[in-house]
2 protein chains.
Amino acid sequence: MNRVLVVDDEPQIVRALVINLKARKYEVDAAADGATALRLAAARHPDVIVLDLGLPDMDGVEVIKGLRGWTRVPILVLSARQTSDEKVEALDAGADDYVTKPFGMDELLARLRAAVRRAEPAGQPDDSVVVETETFTVDLAAKKAHRDGRDVRLTPTEWHLLEVLVRNAGRLVSQKQLLQEVWGPSYGTESNYLRVYMAQLRRKLETDPSHPRHFITEPGMGYRFER
Amino acid sequence: MNRVLVVDDEPQIVRALVINLKARKYEVDAAADGATALRLAAARHPDVIVLDLGLPDMDGVEVIKGLRGWTRVPILVLSARQTSDEKVEALDAGADDYVTKPFGMDELLARLRAAVRRAEPAGQPDDSVVVETETFTVDLAAKKAHRDGRDVRLTPTEWHLLEVLVRNAGRLVSQKQLLQEVWGPSYGTESNYLRVYMAQLRRKLETDPSHPRHFITEPGMGYRFER
DNA sequence: CGCCCTCTTGACGCATCTCTGACGCCGGGC
DNA sequence: GCCCGGCGTCAGAGATGCGTCAAGAGGGCG
């Protein structure tokens, strides 16, 4: 669910945009002048701004500069003016895109999607997907396991197995599913692999490997990771 | 100095773009068909791509998808076709902007600047461009590595590899990802390259290259930079 | 034209990981 | 009380991956 701020002083344009955006599951705020736009942008932190340049109270380029002073939110400029100078000025002031009126709604929405998409963090450097137990910690993004203040070295197969279990934390994962996810679709029955590698994981991560508290065996069915 | 890849099969357009771009201190590569474009994009790592959709050998959208498979480099589409469908398709395939021919050079350049600008890393307060370890220092912005008070000379490939690792500090980076980011999308398996260059980096930056403390090998999975 | 820096490529030894079989334990069914 | 299937453990053999060295190819620059 993305939030959009629509800034335009023509009510019918705002109405058309709001209807179309809401139909596509955007959250929409609207402003009819520059001052309101700046206030709403600060208050609501939209993911993208659609900005008409012809506002009653201030120059559109000033709005762009005001925004760019503190945020990199994508700004999609909407304008009736087609001259090249206008476009260059708005783009160089910090706008991300420039669409001239009259515009096609499909195109505008596509440009909006493009703006939102590229604003999304790449591989999110900080999206640490960390799962903790009282004994150890698993960071799925960094591919790191931690225990007693030290890193635990895991082999690729061990990691893969751990990953499947952790992603299904609390749920039972069948032997067949584990085998097929880790070893490939043709390995449905080699449950001895599982026994060996579950033992490795327990030895490396459990406090008392022979009485596992987190890697639980469900006899005849599969295994379960319990945090 | 930014690098631009211009892709168009009309020589006069290419010529006009190359002249204008070079006059503005861009480094320019040019391709007349999709295959060349993909190859050059991989080899030269441009900062932005200007792509004509009407190529002789493949559909422009396919070129976009081919690029988006491994890079987020800004793509500015140039096309004679004005229909909304074309634009939507190209934008949703991953293009960043769409300009119809005939285009104004000023506007195109402004859109190019906008594309490059927003692709630049956000100057966030906490993401310092300098990364330090107790042994050496890496300045990502200045493209310099420092050790024992002296600059360390790195070849382009060494630097590229170091950059990818440092940007993902603490996280495991898979061999495939490293190869594709440094050598291009078609190098997913040549792990011998990695071994050679990791050895170089270690020899130049580690205190004891045979017992690396910062460039950690995770056997079978990839490498990790630890500060 | 020739030098030098880089990148690529192959070969080798070594460490590690994966697979495999054997064995013992435990609980449930007969 | 015995049998049997499923599970945990161990250790060895083979396969794979890694670090290292060295030589050749390619390109830029004087």
Side-chain angles (χ1 to χ4, degrees), chain A residues 143 145 151-163 165 172-176 178-179 181-184 186-224, chain B residues 27 29 39-40 42-45 143 145 151-162 165 172-176 178-184 186-224:
Chain A
K143 286 217 193 313
D151 284 353
V152 180
R153 281 189 52 85
L154 295 178
T155 72
T157 311
E158 287 162 8
W159 248 112
H160 208 153
L161 183 58
L162 176 62
E163 209 171 332
L165 286 168
L172 172 71
V173 189
S174 74
Q175 304 199 5
K176 187 171 179 179
L178 283 171
L179 283 164
E181 288 231 30
V182 177
W183 279 270
S186 55
Y187 292 73
T189 57
E190 283 82 345
S191 60
N192 47 327
Y193 291 17
L194 276 182
R195 291 205 292 278
V196 172
Y197 278 90
M198 285 302 305
Q200 310 258 52
L201 279 184
R202 284 168 175 158
R203 193 169 338 122
K204 291 185 178 180
L205 296 176
E206 291 273 7
T207 311
D208 181 359
S210 53
H211 298 92
R213 293 183 50 186
H214 302 106
F215 300 99
I216 316 291
T217 304
E218 302 279 0
M221 311 189 57
Y223 294 86
R224 176 202 313 278
Chain B
E27 267 182 68
D29 296 310
R39 193 169 47 72
L40 279 180
R44 308 274 292 166
H45 289 277
K143 289 211 187 300
D151 280 356
V152 179
R153 274 190 50 83
L154 294 178
T155 72
T157 309
E158 287 163 7
W159 180 261
H160 204 154
L161 181 59
L162 176 62
L165 286 168
L172 174 74
V173 188
S174 75
Q175 307 198 13
K176 189 171 178 179
L178 284 170
L179 283 165
Q180 296 198 337
E181 288 228 29
V182 176
W183 279 271
S186 57
Y187 292 75
T189 57
E190 280 81 346
S191 60
N192 47 326
Y193 289 18
L194 275 182
R195 292 205 292 276
V196 172
Y197 277 89
M198 285 302 305
Q200 312 257 53
L201 279 183
R202 284 169 175 157
R203 196 170 330 127
K204 291 185 178 180
L205 295 176
E206 291 272 6
T207 311
D208 180 359
S210 54
H211 299 92
R213 293 185 50 187
H214 304 290
F215 299 99
I216 315 290
T217 304
E218 300 281 1
M221 311 208 292
Y223 294 86
R224 178 201 312 279

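Labels below follow one simple rule: chain letters A, B, ... track the order of the sequence lines, proteins then strands, and each chain is numbered from 1. The basis for the numbers below is simple: all heavy atoms, side chains too, and nothing from hydrogens, waters or symmetry mates.
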Would one find more than 12 heavy atoms of other residues, nucleotides or ligands at under 6.0 Å from atom NZ of A:Lys176? no

Roughly how many Å is it from CG in B:Asp208 to P in D:dG19, rounded to a whole number? 14 Å

In terms of side-chain heavy atoms of A:Thr217, which of D:dT20, D:dC7, C:dT20 is nearest? D:dC7

Which residue, A:Met221 or A:Val196, contacts DNA chain D at a nucleotide closer to its 5' end, judged by nearest heavy atom? A:Met221

Does A:His214 offer a backbone N or O that forms a donor-acceptor pair with the side chain of A:Glu206 under 3.5 Å? yes

Parallel, tilted or perpendicular: ring planes of B:Tyr197 versus B:Trp183, cut at 30 and 60 degrees: perpendicular

Give the rounded distance in Å between these two atoms: CD of A:Gln200 and P of C:dC19. 11 Å

Give the rounded distance in Å between these two atoms: CG of B:Leu194 and P of C:dC7. 14 Å

Compare the minimum distances between each of C:dG21, D:dG8, C:dT6 and the side chain of B:Pro156, then state the nucleotide with the smallest one. C:dT6

B:Arg195 CZ to D:dT16 C1': how many Å, rounded? 10 Å

Rounded interatomic separation in angstrom, taking OH from B:Tyr193 and P from D:dG17: 17 Å

Using a heavy-atom cut-off of 4.0 Å across all strands, would you classify B:Gln175 as base, sugar-phosphate, or nothing? sugar-phosphate

Nearest of C:dT18, D:dG8, C:dC19 to any side-chain atom of A:Trp183? C:dC19

Please work out if A:Tyr187 contacts a base, only the sugar-phosphate, or nothing of the nucleic acid, heavy-atom cut-off 4.0 Å. nothing

Run the salt-bridge test on B:Arg153 and B:Glu158 with the 4.0 Å N-O cut-off and return the result as yes or no. no

Return the value, rounded to whole Å, for the distance between atom CD of B:Glu158 and atom P of C:dC5. 13 Å

Looking at every strand, decide which applies to B:Arg153 at a 4.0 Å heavy-atom threshold: base, sugar-phosphate, or nothing. sugar-phosphate

Rounding to an integer number of Å, can you tell me how far B:His160 NE2 sits from C:dC7 C1'? 15 Å

Can you tell me the distance, in whole Å, between the CG atom of A:Leu179 and the C1' atom of D:dG6? 14 Å

Taking the nucleotide of DNA chain C with the closest heavy atom to each, which residue, B:Leu154 or A:Asn192, is nearer the 5' end? B:Leu154

Side-chain contact, heavy-atom cut-off 4.5 Å: A:Thr157 with A:His160? no

Using a 4.0 Å heavy-atom cut-off, does A:Ser191 contact any base of the nucleic acid, only the sugar-phosphate backbone, or nothing at all? nothing

For C:dC7, take OP1 and OP2 only and decide whether either is under 4.0 Å from a side-chain N or O of B:Thr155. yes

